[in-house]
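These numbers come from a predicted model, not from an experiment.
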Amino acid sequence: MDDIIRSLGFLCLGSRFKRIGEQLQADTQRVLDELEVRVQSSQYPLLAALDRLGPLPVGELAQSLGIAQPGVTRSVALLAELGLVEVSPSNDDQRRRIVSLSRNGRRLVDVAKREVWPRIEEAVAALCADLSGPLLGQLAEIEDRLAASPLDRRVEKAVSPVR
């Protein structure tokens with residue numbers, strides 16, 4: 001069957017990026033599930049932002065990630081339920097909520113930075129390493145490569161479970 005999104009070229013570029021992003025997130029989630037990590041792959045950028053930038057108000061966290069504040073608020077609530085982040089009122093404005101990594105969140109991020117993220121980054125870099133030429137051709141090749149061998153099969157398997 002024809003791939004309509006692919007055949008429409010630049011007209012559906014956003015849909016194509018979304019499709020590739022969803023495939024990469026699903027593959028990454030399989031890696032995380034295999035490692036018994038209880039966090040969704042889509043929540044790791046939030047944890048990484050807190051690791052890199054330190055405690056932030058929800059609005060600034062959303063801005064740092066380039067996503068809408070309601071989505072960050074939902075993710076923060078889920079991560080707080082898992083005990084990975086803490087939310088507290090701001091000292092200068094009680095209406096502002098400051099999000100920070102909890103001790104368990106810090107431990108998870110430290111392990112992920114050491115054992116998980118480098119392997120996923122390496123697998124994605126290998127997926128894209130020899131691409132050259134026009135963007136639409138590169139996207140087609142990335143999609144074909146992901147179909148042939150999903151990211152979770154490209155990640156080195158010698159990783160201990162993250163607790």
Side-chain angles (χ1 to χ4, degrees), residues 5 12-129 139 142-143 145-147 149-163:
I5 289 176
C12 291
L13 187 60
S15 296
R16 216 129 160 226
F17 280 136
K18 182 178 181 198
R19 181 168 71 184
I20 290 170
E22 288 172 349
Q23 177 69 50
L24 290 170
Q25 277 195 328
D27 291 353
T28 298
Q29 190 60 53
R30 283 194 296 277
V31 171
L32 296 174
D33 290 347
E34 186 174 295
L35 298 173
E36 300 176 17
V37 176
R38 55 189 180 147
V39 176
Q40 296 298 307
S41 61
S42 62
Q43 295 169 328
Y44 266 107
L46 189 149
L47 295 171
L50 292 172
D51 174 61
R52 182 174 287 180
L53 303 173
L56 289 172
V58 172
E60 289 179 30
L61 186 53
Q63 186 178 11
S64 75
L65 295 169
I67 59 178
Q69 188 165 331
V72 170
T73 300
R74 283 190 298 276
S75 288
V76 165
L78 289 169
L79 292 170
E81 283 179 29
L82 292 171
L84 299 173
V85 299
E86 296 170 343
V87 182
S88 56
S90 171
N91 291 334
D92 58 334
D93 183 350
Q94 295 296 310
R95 295 171 296 174
R96 291 178 70 195
R97 310 296 284 165
I98 306 297
V99 183
S100 59
L101 289 172
S102 67
R103 185 180 321 165
N104 286 339
R106 165 69 43 219
R107 204 171 69 231
L108 176 68
V109 168
D110 288 345
V111 170
K113 284 172 32 178
R114 197 174 53 250
E115 297 185 26
V116 180
W117 296 350
R119 286 177 170 88
I120 292 170
E121 183 176 15
E122 185 179 305
V124 175
L127 173 72
C128 301
L139 292 175
I142 289 170
E143 289 171 323
R145 290 177 183 188
L146 285 171
S149 180
L151 191 65
D152 57 306
R153 282 197 249 153
R154 295 172 179 272
V155 172
E156 182 184 324
K157 298 297 184 182
V159 179
S160 60
V162 178
R163 301 272 181 221

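- Residue pairs satisfying the ring-ring contact (aromatic ring centres under 6.0 Å, His included) criterion with at least one member in residues 56-99, sequence neighbours excluded, are absent.
- Asp33 has its side chain out of reach of Asp152: every pair of non-hydrogen atoms, C-beta onward, lies at least 4.5 Å apart.
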Leu35 and Val31: CA distance, side-chain angles, deciding distance, side chain to side chain contact (heavy atoms under 4.5 Å, CB included) verdict: CA-CA 6 Å; Leu35 298 173; Val31 171; 4.1 Å; yes

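- Qualifying salt bridge (Lys or Arg N to Asp or Glu O under 4.0 Å) partners for Arg74, counting only residues two or more places apart in sequence or in other chains: none.
- Looking only at side-chain heavy atoms (C-beta outward), Val99 and Val72 stay at 4.5 Å or farther from each other.
- Residues satisfying the side-chain contact (heavy atoms from CB on, under 4.5 Å) test with Thr28, not counting sequence neighbours, are Leu32, Ser41, Ile120, Leu151.
- The ring-ring contact (aromatic ring centres under 6.0 Å, His included) analysis of residues 74-129, with sequence neighbours excluded, yields the pairs Tyr44-Trp117.
- The salt bridge (Lys or Arg N to Asp or Glu O under 4.0 Å) contacts involving residues 81-92 comprise nothing, where partners must be two or more places apart or lie in separate chains.
- Counting only distance, with no hydrogens or angles, the side chain of Arg145 and the backbone of Leu127 share a donor-acceptor pair below 3.5 Å.
- Residues passing the side-chain contact (heavy atoms from CB on, under 4.5 Å) test with Asn104 are Leu84, Ser102, Arg107, sequence neighbours excluded.
- Residues Val155 and Ala123 come closest through the heavy atom pair CG2-CB, 3.8 Å.
- Scanning for side-chain contact (heavy atoms from CB on, under 4.5 Å) contacts around Leu13 gives Phe10, Phe17, Leu135, Leu136, Leu139, with sequence neighbours left out.
- Remark: Glu22 engages Lys18 in a salt bridge (Lys or Arg N to Asp or Glu O under 4.0 Å) (not counting sequence neighbours).
- In this structure Glu143 satisfies the salt bridge (Lys or Arg N to Asp or Glu O under 4.0 Å) test together with Arg6, Arg16, Arg19, sequence neighbours excluded.
- The structure places CG of Leu47 at 5.0 Å from CG of Leu79, a figure rounded to the nearest 0.5 Å.
- Rounding to the nearest 0.5 Å places OG of Ser75 at 6.0 Å from CG of Leu46.
- Annotation: salt bridge (Lys or Arg N to Asp or Glu O under 4.0 Å) contacts of Arg114 (sequence neighbours excluded): none.
- Atom-to-atom distance recorded for Gln43:CD and Arg38:CZ is 11.0 Å, nearest 0.5 angstrom.
- The two residues Cys128 and Ile142 come nearest to each other via the heavy atoms SG-CD1, 4.0 Å.
- Looking at Arg97 and Pro57, their side chains never come closer than 4.5 Å, going by heavy atoms from C-beta outward.
- Taking CD of Glu60 as the start and CD of Gln69 as the end, the distance is 10.5 Å to the nearest 0.5 Å.
- Between Leu108 atom CG and Leu101 atom CG the span is 9.0 Å, to the nearest 0.5 Å.
- Rounding to the nearest 0.5 Å gives a distance of 8.0 Å between CZ of Arg119 and CD of Glu122.
- With sequence neighbours left out, the side chain to side chain donor-acceptor pair (under 3.5 Å) criterion links Lys113 to Asp51.
- Residues passing the side-chain contact (heavy atoms from CB on, under 4.5 Å) test with Pro55 are Ile98, Ser100, sequence neighbours excluded.
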